[in-house]
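Within every chain, numbering begins at 1; the chains are lettered A, B, ... in the order of the sequence lines, protein sequences first and strands thereafter.
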Amino acid sequence: MKTAPFDYVRADSVADALAALGSADDARVLAGGQSLLPVMALRLATPELLVDISRCPELRTYRREDGVLTVGAAVPVRTLELDPAVGGAHPLLVRTLRLVAHPEIRARGTLCGSLAHADPAAELPALLLATDGEVEVAGPDGPRRVAAADLFTGPFGTALGEGELVVSARLPLPAPAARWAVDEVSRRPGDFALAGVVCGLELDGAGRCSSARVVLFGVAGTPVRAAGAEQLLLGERVTGAVLDAAAAAAFDGVEVVGDEVHASADYRRRAGRALVRRALAAVAEDRS
Amino acid sequence: MTAARYVGQRVRRSEDPALLAGRGRFVDDVTEPRQAEVAFVRSPIASGRILRIDTSAAAALPGVLAAFTAADLAPYCPGWRGLLNWPGMVAGEQTALATGVVRHVGEPVVLVVAGSRAEAEDAAELVVVDYEELPAVLDPVAALDPDSPLVHEDLGTNLCFTSPFGSGDVDDAFARADTVVEVAVQTGRHTAVALEMRGVLASYDRDEHTLTVRVSTQAPQMLQTLYARLLGLPENAVRVVTEHVGGAFGMKAFVYPDEVAVVTASLLVGRPLKWTQDRYESLQSDTQARDERVTAALAVDAGGRVLGLRSEVVSDAGAYSMYPRGCVTEGVQVATIMPGPYRVPAYASSLRVVFTNKTPLAVYRAVGHPPAILVMELLMDEAARALGLTADEIRRRNLLAPADLPYTSPTGNVYDSGSHLESLERALALLGDDVGDRRRDAERRGRLLGVGFSSFVELSAPGAMFYGAKGAPITAHDQVEVTVQPDGSVTVLLGTPGQGQGLHTTAAQVVADALGVRLDDVRVVSGDTRVVPHGSGVWASRSAVVSVGAAHAAATEVRRRLLVLAAHLFEADPDDVELVDGVVGVRGVPASRTGVAEVAAVAYWGTHRLPADVEVGLGAVGSYSGPPYTFNNGTHVAVVEVERATGLVRVVDYAVVEDCGVLVNPDIVDGQIRGGVAQGLGGALLEHVVLDPIGQPQTSTLLDYLLPTAVDVPDIRIEHIETPAPTTTLGTKGVGEAGTAGAPAAIHCAVNDALAREGARVWRQPIRPEDVLAALTAER
Amino acid sequence: MTRDPVRVTLRVNGRPETGWAEPRTTLADFLRQELGLTGTHVGCEQGVCGACTVVLDGAAVRSCLVFAVQADGCAVETVEGLAGEGAPGREAVHPLQTAFREASAVQCGFCTPGFLMTALVALRERDDWDRAALRERLGGNLCRCTGYQTVVDAVLAAAPEVRALEGEGGRR
């Protein structure tokens, strides 16, 4: 199928982009286009106007500053993945990126685009949530920051308002003491996850867990914190029994969504628990 | 015939340079002047009556040339029924565009013509079709209930065809059995997914009254005949052109309503019309396959020897019997192939083929073999477990040995040659003796390792009785024309085109050997019905038997004539003239040696030197109509790892022992086997057309319909046994589908071998991780 | 702002090429229909099959998931540019093309251009691929005919020569 007709404008600056976004009722931002074009090619999305931000100079940069990696909205994730400096500063990011689709998709796809698209099975929204990241948003009412915890409102839904644009993602770099893992279950490499997890632990001098973060993706309408698991880990030594208990509780209170094609809710829950157990073990043993 | 110089060699393919340069000529690569493009409005529902169609808004859109409904095309193209002479078979009428009723999601309803495909789609969105939605028939078993809604009201039934198969006293066999094992198996609906989607470029010349159709098909002459019949044109006015075909696998061997609609519309619009299918359309309208429900039981004696076999097969035909092969072949082959390479003294099967409101089911690579072989191999393993035998031992006790051949199966199939038992032993050797170590290693990594065998026979190169005798315009024969040009170069016109297998290369090898010329001097042409002699197309693994037979016949005749001519020039006896590597000479007289070119030049430009009784020119058409069929055979062995935590299955090792008789080009044969195994792996583990409870496809993109990737398919080790077919020209047997035939069973048996260690099994394909996990948990 | 066709200029296989494209025209359709470079194939229009893979400013991308207007001014490498210059029939065949033929990595050939372009970039990234890693690297390209094994063989076999060729700056 061919995309329905649309108006196209190439923005040279964020200001340009905002003006263009405000000029049409149904305008969409085009960055890498790797999520948007497939939907448009099925005519499931038929925007009136596409505002191409992929060449905005101010959005094509990324920088590390004050313990935060800030990534502009026009930076393809493959660029981050292949940059040794990024790999050194944020190895978890690179490990996560390698789970996203295939290199040819990552060569165009952007971090901010994935966050704005908010696919519940996508890896990057979960990473943002797990690491307490946020997005910088520009819009008709001025710039603002939205924390990951507030950004994802439902399947393909975000807290972004009319005419707003994600200009960058802010990823806090993992603390030196923290250990992280990312893992997922998928039928084939590169497919969306049937269940996925990003988890991180910090241990104090006595070997007790001083900070725990377990975020699930591909199992609910948004990436979701496994509060049950986190609570069981806090303050504990990460023994096998504790990890077992944490994994068993990982889906407590999580409203798991299944589908007929890829996997049922029951499967996602069961495979997800095993996945959480495996990921926590990797973190606890720091094999990551 | 001279000694084989090229047959048997791993000759590089002549097809490759153009394809590697990006200069293939697939249908969509060709553009005609003033070409317009087509998009379809297709049924969004599985079953319904069409109440009203309004094309006015679409027709009014700038750039739109036409919008046709069934009523517009009906005066020019009647409907047809995919009926074959199977006793009692019924089939509903199919038309180019849906007439009054829609019977599956994706059925074409309106054809829109515009300057570009994008514009045609814009217009298609403006077409309004009002439907009265009807309850969809989706379960083939429930469809047989007298109260079920009917897919075709006029047939009065959803039962397309029913028949018993088999012979021998089965009741007695089961009464005498020491052990009886039973299975209930379901294989998932799947589809071919040729990477090149279907496409048509149709041009009608109003002055010459000729129709030219460029189409991605396996059978150009069949389409030539059927287009002519449907449109009332003489066959000599219909030219079908097929150059490169990007995969077909049985799916492109039919008369598709959408393609017929485009061809018909080209008569009305007066401009060349192109329709290139998109993937969304492909997953809704390409023929589907493998939707089989089988219950079966095996009776064995205390030594594990088979006494009898029973099966009941329900085949979900979908909405139409696609012309001309129909929807019955798959089910028939599930029932008749099932006894396989084993001594089965008594067998009784019942088959029911049932219409439902789904995309039509038809033939797809290895037609019916995968479910048939799967069921038999699962039964073998269950019997082995019941008796405490190993999987290889129970097969060893039942596989046909050389002394058993020729063997007539309980469904009447004659296996004239083969290496049924030997293939198992060779496969075991390929597997190696370290399975125990591999199991322990896998267990350490949280995985259950399983080994599965699949011993099979595969029916290939079927003869005249297969379809032709049942009334379809499909024959067993092929024709090939071989011409030595005046300069000694050789032109081969194949009646049958390739679809990617390397048929040009294979034919050139055979012709070069039979004629006695160098391979480089042979050029092969196919796929233009205005140029090539008649052929029946590429299907049922027939080319290496039938096309090769015809090519050999033609080349042999041309060689004979060339030697007669040379003998005249040399003033020698034709029996004393030899032709090797393109050099002709009198045996034992080196000075007489001369190039084929010198002789050929006389045949055309020097005919004044020839007596009246020597034929002018050096061309001949060879025909070949093979035996009723040839059966290849083989054994596959798959090693899988099942991840306990997730139920994910990975095929970690795979070996094939195949016996397809004489190999013309081992690389090409290996390619067929590996590609076939990959498709079988897809069916076993990944591929599934999923419908929701009202018949809406849920797998409309390749993100949902999962094909195996480079990561999913392991390296495949292949060994050949070459037992020549006693009845074919070169001793070849077909092989194009053998990989797909054997793989689903080997992989499934391997998964069950792994799961059986925990007391679990799975009985459905594709084997989803979720089914594995459920089985592991339920049985614990 | 426009939905009318606009002029798009690309540097294709080292030469400037100009054509018209509606904003909705994908790079794949632009290459095929406007420039007549039909070696780039379209197999799904969803970025899943990989048949349309081209090299855009050095990166292997899905040309069905890029609008032609987005690529305006960019350098594109397609399968047609793999072979070097030469008289008809005497073009310098690219080592990948040679290796694919030698390894029997082509059957119907529809996926082949996409594999060649993916492989080209993979070998530019590194030339020391092991089989498993290379299988994963090629995992975004679907083939329905070969079962992939010979494709992997071909890419591994071509690695040294491609590396040498690229060291000379390639044939772009």
salt_bridge(R78(A), E125(C)) N-O dist < 4.0 Å: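 Answer for the salt bridge query: yes.
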Closest-packed option against chain A by number of heavy-atom pairs under 4.5 Å, given V121(C), V61(C), N141(C): V61(C)
Best-contacting candidate, D29(C), T118(C), V69(C), T25(C), against chain A by heavy atom pairs under 4.5 angstrom: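 The candidate making the most pairs under 4.5 Å is V69(C).
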Does a side chain donor of either [X] or [Y] reach within less than 3.5 Å of an acceptor in the other side chain?
{"X": "T146(C)", "Y": "Q107(C)", "value": "no"}
{"X": "T53(C)", "Y": "R62(C)", "value": "yes"}
{"X": "T78(C)", "Y": "N13(C)", "value": "yes"}

Chain C contact via L42(A) - side chain, backbone, both or neither, heavy atoms under 4.5 Å: both
Contact summary for L142(C) and F115(C), nearest pair of heavy atoms: O-CE1, 3.8 Å
Which portion of C64(C) sits near chain A, non-hydrogen atoms under 4.5 angstrom: backbone
Side-chain donor/acceptor of R268(A) to backbone N/O of G218(A), under 3.5 Å: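 Checking the backbone N and O of G218(A) against the side chain of R268(A), a donor-acceptor pair under 3.5 Å is found.
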Parallel, tilted or perpendicular: rings of F110(C) and H41(C) (30°, 60°): parallel
Test item: L115(A) and P125(A) side chains (from C-beta on) under 4.5 Å apart, heavy atoms: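 SC-SC contact between L115(A) and P125(A) confirmed.
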Per-residue contacts, residues 98-106 of chain A versus chain C, heavy atoms under 4.5 Å: H102(A), P103(A), E104(A), I105(A)
